[in-house]
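Take a look at the structure below.
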Amino acid sequence: MDSGAWDGSAAADDHESLSSTNDAELLKRAWRTEKAAPEILQFEAGLVQRSREQIQLVEGNVEDLVASGSDPLIVSLNQMDMDRTLYLLRSYLRTRLQKIEKYMFHIHKNTELWNRLSEQEQKFAQRCIEDLEDHFDKSVLSKLPDRYKSSVKQSVISEEDDMVPEPQLDTYVICRTKGSLGALQLDNSGVEDPVDLDPGDLYAVRYKSIKPLVYSGQIELV
């Protein structure tokens, strides 16, 4: 009976450890992909929530270990695990906020991009737009002729928002595939021959030619 109880406890601990490791790796991959992609990607809501819960859990464990006078090495290892997850989570969220600050007007006018943001990110973007427009109006635009008072167009005759920065999707990125994808046409012009991307190998390609595969998780950026 004791042996069976021990085995069940050990199996549960192993499962929890495996889940934690998987989420840590997934968070690392999400951060790396977000950092490498020129555009804002879909917010990983479930992963972020699980990571926050894991941080709170380990933080509680560390406090319990310290209070019980456990081996300092064990305390240190748990603290390192928590610090690693916390660093990745903060870096992931910070990278997204930097993109939002840079491309806020472009993201705001594009429904697909806007829906990639979390609710908190949408509020942040909206507040940034309002603050920036208010600043522009008070410092510059109010002093210009009416046809130049737009914060997104050079003048009223501009057909597009030609003062709104957009991510450069032609940017080259380093990527690798998780499995065989067959022959891919990486050049939209059709001039170049299709390329076979071998699993595990690194390739430098234009982001826009692989972005659907990045969305689906078949290709990861490094």
Side-chain angles (χ1 to χ4, degrees), residues 11 13-55 58 77 80-103 106-107 110-118 121 165-222:
D13 289 343
D14 289 344
H15 176 72
E16 183 177 348
S17 176
L18 180 60
S19 299
S20 173
T21 300
N22 287 340
D23 277 346
E25 289 302 316
L26 288 173
L27 182 58
K28 181 178 180 180
R29 185 181 304 163
W31 163 67
R32 189 170 55 211
T33 301
E34 190 70 62
K35 194 173 181 67
E39 63 175 344
I40 192 86
L41 300 177
Q42 182 64 46
F43 180 69
E44 299 284 355
L47 178 58
V48 168
Q49 180 61 31
R50 294 196 305 273
S51 298
R52 285 173 171 162
E53 291 173 354
Q54 180 65 24
I55 290 170
V58 177
L77 291 175
M80 288 173 60
D81 182 54
M82 183 182 69
D83 290 344
R84 178 187 63 165
T85 304
L86 186 58
Y87 170 80
L88 289 173
L89 181 58
R90 286 176 172 172
S91 296
Y92 171 71
L93 297 176
R94 188 182 301 115
T95 298
R96 292 181 60 83
L97 290 180
Q98 289 171 344
K99 286 185 180 180
I100 293 171
E101 287 180 327
K102 186 174 183 179
Y103 302 119
H106 174 67
I107 293 173
N110 187 305
T111 303
E112 179 185 352
L113 296 179
W114 184 254
N115 290 335
R116 293 180 186 178
L117 307 186
S118 68
E121 288 175 335
E166 299 182 8
Q168 299 301 309
L169 302 185
D170 273 343
T171 301
Y172 275 90
V173 294
I174 305 298
C175 69
R176 64 184 167 209
T177 68
K178 300 177 184 178
S180 178
L181 300 177
L184 296 179
Q185 183 66 54
L186 301 180
D187 180 16
N188 293 334
S189 67
V191 176
E192 297 182 5
D193 294 331
V195 177
D196 288 319
L197 303 184
D198 296 324
D201 289 348
L202 296 178
Y203 297 89
V205 299
R206 293 183 188 275
Y207 174 77
K208 70 176 184 179
S209 65
I210 61 166
K211 66 176 185 175
L213 298 174
V214 174
Y215 298 161
S216 66
Q218 293 175 280
I219 284 183
E220 61 179 19
L221 307 182
V222 297

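Fair warning: this is a prediction, and the values are worked out from it, not measured in the lab. Position 1 is the first residue of the sequence, and the numbers go up from there. Note that these values count all heavy atoms, side chains included, but never hydrogens, waters or copies made by symmetry.
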If I take atom [atom1] from residue [X] and atom [atom2] from residue [Y], how far apart are they, to the nearest 0.5 angstrom?
X      : Y      : atom1 : atom2 : result
Gln49  : Asp23  : CD    : CG    : 11.5 Å
Asn22  : Leu27  : CG    : CG    : 12.5 Å
Ile100 : Leu93  : CD1   : CG    : 9.5 Å
Leu202 : Leu197 : CG    : CG    : 11.0 Å
Glu101 : Leu97  : CD    : CG    : 6.5 Å

- Residues in side chain to side chain contact (heavy atoms under 4.5 Å, CB included) with Leu221, at least two apart? Thr33, Ala36, Ala37, Val173, Cys175, Tyr207, Ile210, Val214

- Query: Taking only residues two or more places apart in sequence, or in another chain, which ones meet Glu44 in a side chain to side chain contact (heavy atoms under 4.5 Å, CB included)?
  - Reply: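 Applying side chain to side chain contact (heavy atoms under 4.5 Å, CB included) to Glu44 gives Ala30, Leu47, Tyr92.
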
Taking all non-hydrogen atoms of both residues into account, name the closest pair between [X] and [Y] and its distance.
X      : Y      : result
Pro165 : Lys102 : CG-O, 3.4 Å
Asp201 : Arg176 : O-CB, 3.1 Å
Pro167 : His106 : CD-CD2, 3.5 Å
Gln42  : Asn115 : NE2-O, 3.8 Å
Thr85  : Ile55  : CG2-CG1, 3.8 Å
Asp170 : Lys208 : OD1-CE, 2.8 Å

Look at the side chain of [X] and the backbone N and O of [Y], then say whether any donor-acceptor pair between them is shorter than 3.5 Å.
X      : Y      : answer
Glu220 : Gln218 : no
Asp81  : Leu77  : no
Tyr203 : Asp198 : yes
Arg116 : Ile40  : yes

- Trp31 and Leu89, any side-chain heavy atoms less than 4.5 Å apart: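 Leu89 does not reach Trp31 side chain to side chain.
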
- Just wondering, do Ile219 and Val205 contact through their side chains at under 4.5 Å, heavy atoms?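 The answer is no, as the side chains (C-beta and beyond) never meet within the 4.5 Å cut-off.
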
- Apply side-chain hydrogen bond (donor to acceptor under 3.5 Å, both in side chains) to Lys99 and list each qualifying residue two or more places apart in sequence or on a separate chain. Glu34

- Message: Checking Ile107 against Glu39 for the side-chain contact (heavy atoms from CB on, under 4.5 Å) test, could you report, in this order, the C-alpha distance in whole Å, the side-chain angles of both residues, the deciding distance, and whether it holds?
- Response: CA-CA 9 Å; Ile107 293 173; Glu39 63 175 344; over 6 Å; no

- Message: Counting only heavy atoms not in Tyr87 (residues, nucleotides, ligands), do more than 12 fall under 6.0 Å from its OH?
- Response: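 Incorrect, the count does not exceed 12.
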
- Worked check of side-chain contact (heavy atoms from CB on, under 4.5 Å) between Ser51 and Gln54: CA-CA 5 Å; Ser51 298; Gln54 180 65 24; 5.5 Å; no

